[in-house]
Amino acid sequence: QVQLVESGGGLVQAGGSLRLSCAASGRTMNIYTMGWFRPAPGKEREFVATISGSGISTYYGDSVKGRFTISRDNAKNTVYLQMNSLKPEDTGTYYCASKEGILNARERTSYPYWGQGTQVTVSS
């Protein structure tokens, strides 16, 4: 079993930055792919970014590519999402998720473990 706790959300003006954190516990985390998801119109949760267990491979959703950066510190069992150049459409609850292996890492349904989410609000 893996427990995930997100933090770092808040209110920021458009163009600003936030860094989200996801603290993991329960297993040796360096074997787990970690992902971030958020709600989107017409979707339950939209893929934002993912990072492999080693941290070597990263993937991003088209809407955040070039603005967001995912990273991890396995010594601290923590994954980060640095969000720059924020836009009002980035507003939402951001969820951290984990799974074994990198296969289908963009697919929400492939992740068995989820955090409770942290709210991000971007004002115009």
Side-chain angles (χ1 to χ4, degrees):
Q1 191 72 14
V2 176
Q3 293 81 42
L4 304 172
V5 178
E6 303 95 332
S7 62
L11 174 64
V12 64
Q13 288 189 331
S17 298
L18 281 175
R19 188 176 81 155
L20 305 184
S21 299
C22 174
S25 62
R27 292 284 181 90
T28 302
M29 292 310 298
N30 61 2
I31 66 171
Y32 283 86
T33 291
M34 303 295 292
W36 288 95
F37 291 80
R38 66 184 185 187
K43 301 178 183 179
E44 183 170 335
R45 290 179 189 177
E46 173 189 46
F47 168 72
V48 175
T50 190
I51 187 167
S52 62
S54 64
I56 292 175
S57 300
T58 58
Y59 304 94
Y60 297 92
D62 290 340
S63 61
V64 306
K65 202 171 295 183
R67 299 188 298 124
F68 290 12
T69 302
I70 190 170
S71 62
R72 67 190 297 159
D73 184 340
N74 284 340
K76 296 181 178 180
N77 283 347
T78 302
V79 174
Y80 305 98
L81 185 68
Q82 178 66 43
M83 306 187 296
N84 298 329
S85 302
L86 283 161
K87 305 175 182 179
E89 50 263 44
D90 294 319
T91 293
T93 302
Y94 282 68
Y95 296 92
C96 176
S98 69
K99 65 186 294 294
E100 292 190 46
I102 196 68
L103 189 65
N104 297 324
R106 295 173 180 265
E107 302 300 324
R108 171 186 60 82
T109 55
S110 72
Y111 289 81
Y113 305 111
W114 292 85
Q116 294 300 304
T118 185
Q119 178 66 32
V120 171
T121 303
V122 184
S123 63
S124 57

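Quick caveat, the model's predicted, so the values are computed rather than measured. Count residues from 1 along the sequence. Only this structure's heavy atoms are used, side chains among them; waters, hydrogens and symmetry mates stay out.
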- In Å and rounded to the nearest 0.5 Å, what is the NZ to OG distance from Lys87 to Ser63? 8.0 Å
- Query: Can you name the closest pair of heavy atoms from Ala49 and Leu81 and give their distance?
  - Reply: CB-CD1, 4.1 Å
- Task: Check whether any side-chain heavy atom of Ser110 lies under 4.5 Å from a side-chain heavy atom of Leu103, and answer yes or no.
- Result: no
- Cluster companions of Trp114 among Ile, Leu, Val, Met, Phe, Trp, Tyr (side-chain spacing under 4.5 Å): Phe37, Phe47, Tyr59, Tyr95, Ile102, Tyr111
- Query: Got a sec, which pairs hit salt bridge (charged side-chain N to carboxylate O under 4.0 Å, His left out) with one end in residues 92-111, sequence neighbours left out?
  - Reply: Glu44-Arg108
- Item | pair Thr118-Leu20: side-chain heavy atoms closer than 4.5 Å | yes
- Note on the structure: Here the disulfide (SG to SG under 2.5 Å) pairs for residues 25-74, sequence neighbours left out, are none
- Query: Could you give the distance from CD1 (Ile51) to OG1 (Thr33), rounded to the nearest 0.5 Å?
  - Reply: 9.5 Å
- Query: Counting N and O atoms only, with roles assigned by atom type, does the side chain of Ser52 sit under 3.5 Å from a partner on the main chain of Ser57, one being a donor and the other an acceptor?
  - Reply: yes
- Query: How would you list, by chain and number, every residue that makes a side-chain contact (heavy atoms from CB on, under 4.5 Å) with Ser71, sequence neighbours excluded?
  - Reply: Tyr80
- Task: Indicate the atoms forming the closest heavy-atom contact of Lys65 with Asp62, along with that distance.
- Result: NZ-OD1, 3.3 Å
- Set of side-chain contact (heavy atoms from CB on, under 4.5 Å) partners for Ala14, sequence neighbours left out: Pro88, Val122
- Task: Could you list all the disulfide (SG to SG under 2.5 Å) pairs where at least one residue sits in residues 11-122, not counting sequence neighbours?
- Result: Cys22-Cys96
- Is Arg45 reaching over with its side chain to a backbone N or O of Trp36, donor-acceptor style, under 3.5 angstrom? no
- Item | Student check: side-chain heavy atoms of Leu86 and Leu18 closer than 4.5 Å | yes
- Message: Checking Ser85 now: which residues fulfil side-chain contact (heavy atoms from CB on, under 4.5 Å) with it, not counting sequence neighbours?
- Response: Arg67
- Which pairs with one or both residues in residues 25-90 pass disulfide (SG to SG under 2.5 Å), sequence neighbours excluded? none
- Check whether any side-chain heavy atom of Val79 sits under 4.5 Å from a side-chain heavy atom of Ile70, and report yes or no. yes
- Task: State which residues pass salt bridge (Lys or Arg N to Asp or Glu O under 4.0 Å) with Arg38; sequence neighbours excluded, sorted by chain then number.
- Result: Glu46, Asp90
- Task: Please name all residues satisfying side-chain contact (heavy atoms from CB on, under 4.5 Å) with Ser25, sequence neighbours left out, ordered by chain then number.
- Result: Gln3
- Between Ala24 and Leu4, which heavy-atom pair has the shortest distance, and what is it? CB-CD2, 3.6 Å
- Sub-4.5 Å side-chain heavy-atom contact between Gln116 and Thr93: no
- Residue pair Val48 / Tyr60, side-chain heavy-atom distance below 4.5 Å: no
- Linked hydrophobic residues, Ile56 as query - side chain contacts closer than 4.5 Å: none
- Quick one: are Gln119 and Tyr94 in side-chain contact, heavy atoms under 4.5 Å? no
- Message: Quick test of your reading: applying side-chain hydrogen bond (donor to acceptor under 3.5 Å, both in side chains), list the pairs with at least one residue in residues 4-24, sequence neighbours left out, ordered by first then second residue.
- Response: Ser17-Asn84
